[in-house]
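We're numbering straight along the sequence, starting at 1. Small disclaimer: the values here were computed from a predicted structure and weren't measured.
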Amino acid sequence: MLNITVVVPVRNEEKNLPRCLDALVDKFVAVVVVDSSSTDRTAEIAAKYGVEFVQFDWNGRFPKKRNWMLLNYAFKTEWVLFIDADEIVSDAFVGEVSRAVREGAANAYWLRYTNVFLGKTLHFGVPQRKIALIKRGAGLYERIDEQRWSNLDMEVHEHPIIDGPVGEIRMPIRHEDDRGILKFIEKHADYAAWEARRLFELRQGGNANGLTLRQKVKYGYVDQWWFAHFYFFYTYILRLGVLDGSAGFYYAFYKLWYFMTVRRIHAECQEK
């Protein structure tokens, strides 16, 4: 088993959690499910798999769930891997991670993801990736002193700031949310509210240190009328999302809706 602690942040994830844990147990020395007062069978499922279960109560300020774990949990391993409940690792991914941490060439790693949307694996469009494998003590997620801009108690758009080299794991993780399109829309409405408020604060002179190039482009132009439409064109046409059929169209369409929603909420923030 890999000498890595896997942290799975959750809230009402009874549909996704079993598949996630199936792929994790017996592969890593420790798996910790960090919950936010779930009202479904999440706690029961974690107990069934015999993994550690931790409750997190957010007060609306820093730190959120992932930073709270990095700052407060007594890890017994050198490496921490953050996996969401709708993410499923493969044996090939685990093998590549094992080689990477053994070689010790980096203090954190970008991970790649294969999206499953409306029951179809997306092969085209804009690739998803994020830093989610971190050497303990090498960094934290961005500190953003919000005051409950949304109901998000976990870092979603906050980017880890790492001290030292960052590598990349090329074998992707399967990202498949099994809770339906309404949950997808609800979740992204929360994301849009948070990003609009983040944009507003940045435009008021908020801390922009540590932004990635993608973040700089997004926050530099997302409030422009053309940005959402350009993103649709880029992911659906230039990145060949059209070849993913109807799922590819709807995925690109909901991204257009998402960025238009960010722009509209940001405008409302300015009007207040």
Q: How long is the straight-line distance from CG of Asn3 back to OG1 of Thr77, given to the nearest 0.5 Å?
A: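 Between atom OG1 of Thr77 and atom CG of Asn3 there are 6.0 Å.
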Q: Kindly compute the distance separating CD (Glu87) from CG (Leu81), expressed to the nearest 0.5 Å.
A: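 One gets 9.0 Å once the value is rounded to the nearest 0.5 Å.
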Q: Would Phe233 and His229 count as a close aromatic pair, with their ring centres under 6.0 Å?
A: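 No.
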Q: Can a donor-acceptor pair be found, under 3.5 Å and without considering hydrogens, that links the side chain of Ser98 to the backbone of Val94?
A: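 No, Ser98 side chain to Val94 backbone: no donor-acceptor pair under 3.5 Å.
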Q: Is it possible for you to check whether Arg143 lies under 6.0 Å from the centre of the six-membered ring of Phe62, through NZ or CZ, and within 45° of that ring's axis?
A: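 Verdict for Phe62: a cation-pi partner in Arg143.
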Q: Nearest 0.5 Å, what's the CZ-NZ distance between Arg112 and Lys130?
A: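 The distance works out to 15.5 Å.
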Q: Quick one: do the Ser36 and Asp153 side chains pair a donor with an acceptor below 3.5 Å?
A: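 Yes.
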Q: For the residue pair Arg148 and Trp194, would you count it as a cation-pi contact if the rule is NZ or CZ under 6.0 angstrom from the ring centre and within 45 degrees of the ring axis?
A: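 Arg148 over Trp194 ring: no.
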Q: Could you grab the distance from atom CG of Leu122 to atom OG1 of Thr114, nearest 0.5 Å is fine?
A: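 Leu122 atom CG to Thr114 atom OG1 measures 9.0 Å (nearest 0.5 Å).
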Q: Would a distance-only check, ignoring hydrogens and angles, find a side-chain to backbone donor-acceptor pair under 3.5 Å from Glu96 to Arg170?
A: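 Present.
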Q: When you compare the side chains of Asp244 and His123, does any donor N or O come within less than 3.5 Å of an acceptor on the partner?
A: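 The answer is no; no qualifying pair exists.
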Q: Going from CD1 on Ile169 to CE on Met171, what distance comes out if it is rounded to the nearest 0.5 angstrom?
A: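 Output value for this atom pair is 10.0 Å.
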Q: Is the terminal nitrogen or CZ of Arg136 (NZ for Lys, CZ for Arg) located under 6.0 angstrom from the six-membered ring centre of Phe75 and within 45° of that ring's axis?
A: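 No.
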Q: Can you confirm if the NZ or CZ of Lys64 lies within 45° of the ring axis of Tyr141 and under 6.0 Å from the centre of its six-membered ring?
A: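 Ring-cation test returns no.
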Q: Salt bridge check, Arg179 against Asp86: does any charged N sit closer than 4.0 Å to a carboxylate O?
A: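 Not counted as a salt bridge, because no side-chain N and carboxylate O are separated by less than 4.0 Å.
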Q: Would you say Gln215 and Glu142 are linked by a side-chain donor-acceptor pair, where the criterion is simply a distance under 3.5 Å?
A: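 Short answer, yes.
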Q: Answer with yes or no whether the side chains of Asp163 and Asn107 bring together a donor and an acceptor at under 3.5 Å.
A: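 No donor-acceptor contact under 3.5 Å links the two side chains.
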Q: Could you verify whether a donor N or O on one side chain and an acceptor N or O on the other, from Glu52 and Tyr73, lie under 3.5 Å apart?
A: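 Yes, Tyr73 and Glu52 have a side-chain donor paired with an acceptor closer than 3.5 Å.
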